[in-house]
Amino acid sequence: MSLVLRNLQRAVPIRRAPLRKKLEIVRSILGVQKFDLAIICVDNKSIQHINKIYREKNLPTDVLSFPFHEVTATHGLCHLLGFTHSTEAEWQKMYQKEKQVLEELSRRTGTSLQPLSRGLFW
């Protein structure tokens with residue numbers, strides 16, 4: 001299915017072709033290749049505004065506020081699949097899924113990636 005990438009911020013340069021290739025690997029690892037996916041990169045002010053409206057939290061969210069790359073995409077995709085990290089038990093499940101995906105992505109691409117939520121409850 002389709003993968004749409006949009007960059008609406010200017011703080012972090014984004015190379016879409018390499019990102020797209022790695023995201024397709026992440027989608028394959030997670031088994032979600034049949035789903036359409038749109039990723040929109042925005043600045044902190046924009047994501048903070050959206051976060052305030054939809055989650056009543058007047059802070060930038062960690063999913064879209066970091067420089068966008070394969071780790072952030074993996075974290076975001078895990079959230080879209082229902083994983084959260086509000087409690088230590090939820091974090092443990094999400095961390096294990098992120099770790100599994102990033103280890104496989106690292107193996108396939110020769111990189112060394114760690115989950116964004118590493119150490120959140122340690």
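Within the 4.5 Å cutoff, the side chain of Leu80 has no heavy atoms near those of the Val32 side chain. Residues His79 and His85 meet the side-chain proximity criterion, which asks for heavy atoms closer than 4.5 Å.
Looking at Thr109, its side chain does come within 3.5 Å of a backbone N or O of Leu105 through a donor-acceptor pair. At least one donor-acceptor pair closer than 3.5 Å links the side chain of Glu90 to the backbone N or O of Ser86.
Grouping the Ile, Leu, Val, Met, Phe, Trp and Tyr side chains by contacts below 4.5 angstrom, directly or via other members, places Ile47 apart from Leu59.
Remark: the Gln92 side chain and the Gln96 side chain contain an N/O donor-acceptor pair separated by less than 3.5 Å. In this structure, a donor-acceptor pair under 3.5 Å is present between the side chains of Gln100 and Lys97.
Interatomic distance, CZ of Phe83 versus CG of Leu77, reported as 11.0 Å (0.5 Å rounding). If you take CG on Leu23 and CG on Leu5, they are separated by 6.0 Å, rounding to the nearest 0.5 Å. Atom CG of Leu102 and atom OG1 of Thr74 lie 4.5 Å apart (nearest 0.5 Å).
Applying the salt bridge (charged side-chain N to carboxylate O under 4.0 Å, His left out) rule to Arg6 yields no partners; only residues at least two apart in sequence or on another chain are considered.
Ion pair Glu24/Arg27 flagged as a salt bridge, since at least one NZ, NE, NH1 or NH2 atom sits closer than 4.0 Å to an Asp/Glu carboxylate oxygen. Note on Arg107 versus Glu103: no salt bridge recorded, every NZ/NE/NH1/NH2 to OD/OE distance being 4.0 Å or above.
Looking at every heavy atom in both residues, Met94 comes nearest to Thr84 through CB-O, 3.5 Å. Taking each heavy atom of Ile25 and Arg108 in turn, the nearest pair found is CG2-CD, 3.8 Å.
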Run the side-chain donor-acceptor check on residues 9-19: report pairs under 3.5 Å with partners two or more places apart or on a different chain.
residue: Gln9; atom: OE1; partner: Ala11; partner atom: N; Å: 2.9
residue: Gln9; atom: OE1; partner: Val12; partner atom: N; Å: 2.8
residue: Gln9; atom: NE2; partner: Asn7; partner atom: OD1; Å: 2.6
residue: Gln9; atom: NE2; partner: Val12; partner atom: O; Å: 2.9

